[in-house]
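Following: one structure in structure tokens, then a few remarks.
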Amino acid sequence: MKKKTKKASAKGPQTLPVHFEFSDPTAETVCIAGTFNEWQPNATPMISIGQDRWVKNLVLPPGVYEYRLVVDGKWMPDNRAKETAPNPYGGLNSVVK
């Protein structure tokens with residue numbers, strides 16, 4: 001007779017902290033738009049912490065996300081991102097895992 005064994009749960013963390021940082025001496029507003037917020041340009045504003053620095057901490061489920069920064073209404077890739085992916089508009093999206 002076979003014994004029933006419980007399979008070990010491989011569940012990892014449900015969410016993980018993700019830190020974004022951006023520097024620009026002339027920026028007045030900075031937001032993050034990406035796959036995690038349906039590319040809404042104003043949904044995720046970054047916070048100015050002075051000295052031309054902007055930060056945002058998000059808590060996201062594990063995964064791969066593409067995003068761009070929206071600086072004073074202009075979309076641009078994050079120059080601090082370790083990875084990029086081409087987008088359908090001929091530019092690059094930044095990638096965070």
Side-chain angles (χ1 to χ4, degrees):
M1 182 161 128
K2 286 186 173 180
K3 287 185 178 180
K4 289 185 179 179
T5 58
K6 289 184 180 180
K7 292 184 179 180
S9 175
K11 288 185 180 179
Q14 297 298 313
T15 58
L16 296 169
V18 181
H19 177 78
F20 295 90
E21 192 165 326
F22 176 70
S23 295
D24 185 324
T26 63
E28 293 186 23
T29 62
V30 181
C31 296
I32 308 168
T35 53
F36 49 81
N37 66 5
E38 298 181 14
W39 294 100
Q40 296 300 310
N42 298 314
T44 310
M46 295 183 78
I47 299 164
S48 173
I49 59 170
Q51 299 178 336
D52 309 326
R53 292 178 54 212
W54 298 78
V55 297
K56 185 67 175 183
N57 292 311
L58 299 178
V59 179
L60 300 171
V64 178
Y65 300 93
E66 292 187 22
Y67 69 98
R68 288 177 65 93
L69 300 175
V70 185
V71 181
D72 298 332
K74 181 181 175 188
W75 292 66
M76 61 182 59
D78 182 355
N79 62 4
R80 293 183 180 213
K82 294 179 182 174
E83 292 184 44
T84 59
N87 66 34
Y89 306 103
L92 292 175
N93 292 338
S94 302
V95 176
V96 64
K97 294 180 179 180

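These figures come from a predicted structure and were not determined experimentally. What you see below is based on every heavy atom in this structure, not just the backbone, and it leaves out hydrogens, waters and symmetry mates.
- Side chains of Val96 and Phe20 form a contact here, defined as non-hydrogen atoms less than 4.5 Å apart.
- Judged as a side chain to side chain contact (heavy atoms under 4.5 Å, CB included), and not counting sequence neighbours, the contacts of Leu60 are Val18, Phe36, Leu58, Tyr65.
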Got a list of side-chain donor-acceptor pairs under 3.5 Å for residues 42-50, not counting sequence neighbours?
from: Thr44; atom 1: OG1; to: Asn37; atom 2: ND2; distance (Å): 2.8

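- Residue pairs meeting the salt bridge (Lys or Arg N to Asp or Glu O under 4.0 Å) criterion with at least one partner in residues 35-49, sequence neighbours excluded, are absent.
- We find the CD1-CG distance between Ile32 and Leu69 to be 6.5 Å, quoted to the nearest 0.5 Å.
- By the 4.5 Å side-chain criterion applied to Ile, Leu, Val, Met, Phe, Trp and Tyr, Val70 is assigned to a cluster that also includes Trp39, Trp75.
- In this structure, CD in Gln40 is found 11.5 Å from SG in Cys31, a value given to the nearest 0.5 Å.
- The hydrophobic cluster around Leu16 extends to none of the other residues, as no ILVMFWY side-chain heavy atom falls under 4.5 Å of it.
- Screening residues 23-33 for salt bridge (Lys or Arg N to Asp or Glu O under 4.0 Å) gives no qualifying pairs among residues at least two apart or on separate chains.
- Taking a 4.5 Å side-chain heavy-atom cut-off between Ile, Leu, Val, Met, Phe, Trp and Tyr, the cluster of Val64 extends to Val95.
- Screening residues 65-90 for salt bridge (Lys or Arg N to Asp or Glu O under 4.0 Å), with sequence neighbours left out, gives Glu21-Arg80, Glu83-Lys97.
- In terms of the ring pair (Phe, Tyr, Trp, His ring centres under 6.0 Å) criterion, Phe22 has no residue partners (sequence neighbours excluded).
- Nearest heavy atoms, Asn93 versus Asn87: OD1-ND2, 3.0 Å.
- Considering every non-hydrogen atom in both Pro41 and Ala33, the closest pair reads CA-CB, 4.0 Å.
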